[in-house]
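Here is the structure we will look at, set down as C-alpha cells.
This structure is a prediction, so every number in the text was calculated from the model and none was measured. Atoms within each ligand, like the ligands themselves, are counted from 1 in listed order. Computed from heavy atoms alone, side chains included, the values below leave out hydrogens, waters and symmetry copies. For the single chain, residues carry numbers from 1 onward in sequence order.
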Amino acid sequence: MAQIIAGVSRTFNEFLLLPNRTSIDCSPDAIDLSTPLMRHVVGEASPIELRSPFTSAIMQSVSSPELAIALARNGGLTFLHHNQSIEEQVADVRQVKNFKAGFVVSDTNVRPDDSLAELARVMERTGHSTAAVTHDGSASGRLLGLVTSRDFHPQRHDLSDPVSGRMTPIENLPHAACDLTLSQANARLWDERLDCLPVLDVDGHLEYLVFRSDYTDNKRYPGQLVDRDKRLRVGAGINTHDYRERVPALLDAGVDVLCLDSSDGYSDWQSQALSWVKKHYPEIPVGGGNVVDGEAFTFLAEAGADFVKVGVGGGAICITRDQKGIGRGQASAVLDVVAARDIFAERTGHYVPVCSDGGLVHDYHVALALAMGADFVMMGRYFARFDQAPGAKLPTRDGFVKEHWGEGSNRAHNWQRYGQGGQALIFEEGVDGYVPYAGDLNEGLALTIAKIKATMVSCGATTLPKFRDTARLTLVSEQSLQESHANVVVRETPASLD
Ligand SMILES: NC(=O)c1ccc[n+]([C@@H]2O[C@H](COP(=O)([O-])OP(=O)(O)OC[C@H]3O[C@@H](n4cnc5c(N)ncnc54)[C@H](O)[C@@H]3O)[C@@H](O)[C@H]2O)c1
C-alpha cells in the first residue's frame, strides 16, 4: 500500500527566522561566509571551500564562462552546463581556467638569442608589452630577464640584435618566491614601484608574473575562489549518458569539480556513474542529485557523491511537478536531507555537504536555506538576470528582460536525452521565458550578501555553522505573511534585486 509520509511539503515562504541575541562583536564585517564544497572527514576542513555559498545552475541560460569568472571572483562557483558537445564544454572550462586572477602564466616569452624583430612579433600576437626571457623561451623556463616595449624601438635599434642586449637581466630584476600571496605581491609592486613582479620556483624557473595594472581589479575581489595555481575554480555538469568520454576531457581541461545533473538523482544510473568516476578519477570531486529526501541522500552518499544537490520541481522555469507529479516543497526537502547528512556524518565520520537547488524566490530565502542547514545554494533564475548570463537582453516598455529557459524545455534541445535515440521531446518539464534584467552580477550579488549578513547579525552568528546550529525558525500563517508587507502607498520601493 502506498505510504503517506508524515508532515506537509513546505516552501521557504512559509518560514521566518527569530532574532537571536546579537553580541557587540557580531557585525557584518565579522561574518565569514565560507562553506565546505565537498566530502571531508568530520572535524577536518573540506579540501575545497567556497568563499561565499553560491553556485550557479547547470543551465544554458545561466552558466557561461563569463558568469563563471564573475561568480568565482566573488567566491562562488559555476557549474558549466553539459547540454553541449564535449568539445564546447571543454573550451568553456579552458576559458575560465585561463582567466588571470592576479598571478598570470606568462604568454609572451622569448629566448635570449631571439631577435628583437621576433620579440616584436610575439608582442604583436599576444597584445602584451612585457615579455619574459627564459632559457628555452617557454612560460616555465629558467628566467633570465624581462623585456618590455619600452626597452627597444624599431627606429633606434637594429631589430636583428638579440633580446639579451635590451632585457633587464635577472640580477637587476626584483623577483619573488612562489609562496607569496597576492596581497604580498601587490605590496611589493607598490613599495618598490615595479610594473611587474616575476614569481619563481626554487630553481629559478618562472611560475607567474604579477602586474601593477591588475592591482585595482584584484583589490576589488579579495575573496576570489582560486586553485593552488591561483587560477579561478570552475565546475562542470555531467550526465549519466556520456560520462566515460566527457569526464576525462573535462579533467584534461582543468575542471575543479563535477556534478551529475538530473531531475531525479535517486537512480542506479547515478550510482553507476559515481562509482565509475570514483574508480577512474578518485581525485576529482563529484556531486550527485537531485534528491528530495534523506533516503535518496544516503543512497548517493554511499555511492560516493562528494556533495548532494536537493530540489525537484522548485526551479523558476521548472514544471516537473505539474507534468509528472513528483517533487517536494524545497524547505521540507532541505530539512529532511540535512538531517540525513548529519546522521550519515555521525555513522561514517564523513561530512557530505548539501546544496539547496531551486525554490529560492527572494534573497532572504537563501538565508533560510542556510539556516535550515544547506551548506550552499544553487540558483538559476537569480543569475540569469545579470549581464554575465548568456541569455539575450531585450527591451520592454518598462526596462529590460533577459531570456531564461529550462533544461527540460523544447528550446534546450537536451540532446543527451533526446538526440541520441532520435526521439522527439514527448512532453516538456521546463518553460521558455524571461526574467527582469538586473545589471551587473558583482553589484547584485553584493546586495544579496549584504542582506544575508544582516540576517546573520540579527541571528547572532558570524559563521554559517553557528548560524544553522543556533537558528530558530517559525512557520508563518497566511495572515502573518500579509503582515510582513508594507501597508501604505509606497513612495519608493527599496533597492532589491529579487
Ligand atoms: N531539478 C529539477 O527539478 C529538474 C526538473 C526537470 C528537469 N531538470 C533538468 O533537465 C535536464 C534533464 O534532466 P533529466 O532528469 O530528464 O535527464 P536524465 O538524463 O538524468 O534522465 C533522462 C532519462 O534517461 C534515463 N537515463 C539516465 N541515464 C541513462 C543511461 N545511461 N542510459 C539510459 N537511460 C538513462 C533516466 O532514467 C530518465 O528516464 C537536467 O539538466 C535537469 O537538471 C531538472
Please identify which atoms of ligand 1 are closer than 4.0 Å to at least one heavy atom of Asn290. 1 (N)
Taking 4.0 angstrom as the limit and counting only heavy atoms of Val312, give me the atoms of ligand 1 inside it, by number and element. 3 (O)
Look at the aromatic rings of Tyr364 and His362 and report parallel, tilted or perpendicular, splitting at 30° and 60°. parallel
Name the option, out of Gln330, Met59, His241, that contains the heavy atom nearest to atom 24 (O) of ligand 1. His241
Tell me, please: is Asn239 in heavy-atom contact with ligand 1, that is, under 4.0 Å? no
Is ligand 1 less than 4.0 angstrom away from at least one heavy atom of Gly311? yes
Within-4.5 Å side-chain heavy-atom neighbours: Ile31 and Phe467: no
Please output the side-chain donor-acceptor pairs of residues 292-301 that fall under 3.5 Å, not counting sequence neighbours, one pair per line with the distance.
{"from": "Asp293", "atom 1": "OD1", "to": "Ala296", "atom 2": "N", "distance (Å)": "3.2"}
{"from": "Glu295", "atom 1": "OE2", "to": "Tyr266", "atom 2": "OH", "distance (Å)": "2.7"}
{"from": "Thr298", "atom 1": "OG1", "to": "Gly294", "atom 2": "O", "distance (Å)": "2.9"}

Less than 3.5 Å between some nitrogen or oxygen of Thr240 and one of ligand 1, yes or no? yes
Side chain or backbone, does Ser263 bring an N or O within less than 3.5 Å of an N or O on ligand 1? yes
Is Asp336 paired with Arg328 through a side-chain N to carboxylate O contact shorter than 4.0 Å? yes
Using a strict cut-off of less than 4.0 Å between a Lys/Arg side-chain nitrogen and an Asp/Glu carboxylate oxygen, indicate whether Arg228 and Asp256 qualify as a salt bridge. no
Yes or no: does Cys318 have any heavy atom under 4.0 Å from an atom of ligand 1? yes
Proximal ligand 1 atoms for Thr320, defined as those under 4.0 Å from one of its heavy atoms: 5 (C), 6 (C)
With heavy-atom distances below 4.0 Å as the criterion, list the atoms of ligand 1 near Glu407. 9 (C), 10 (O), 11 (C), 41 (O)
Using the ring-ring contact (aromatic ring centres under 6.0 Å, His included) rule, collect all pairs that involve residues 300-345, keeping only residues at least two apart or in two chains. Phe79-Phe307, Phe307-Phe376
Flag the pair Leu335 / Arg10 as yes when at least one side-chain heavy-atom distance between them is below 4.5 Å, and no otherwise. no
Please confirm whether Gly313 approaches ligand 1 to less than 4.0 Å, judged on its heavy atoms. yes
What orientation do His40 and Tyr351 show, parallel under 30°, tilted 30 to 60°, or perpendicular over 60°? tilted
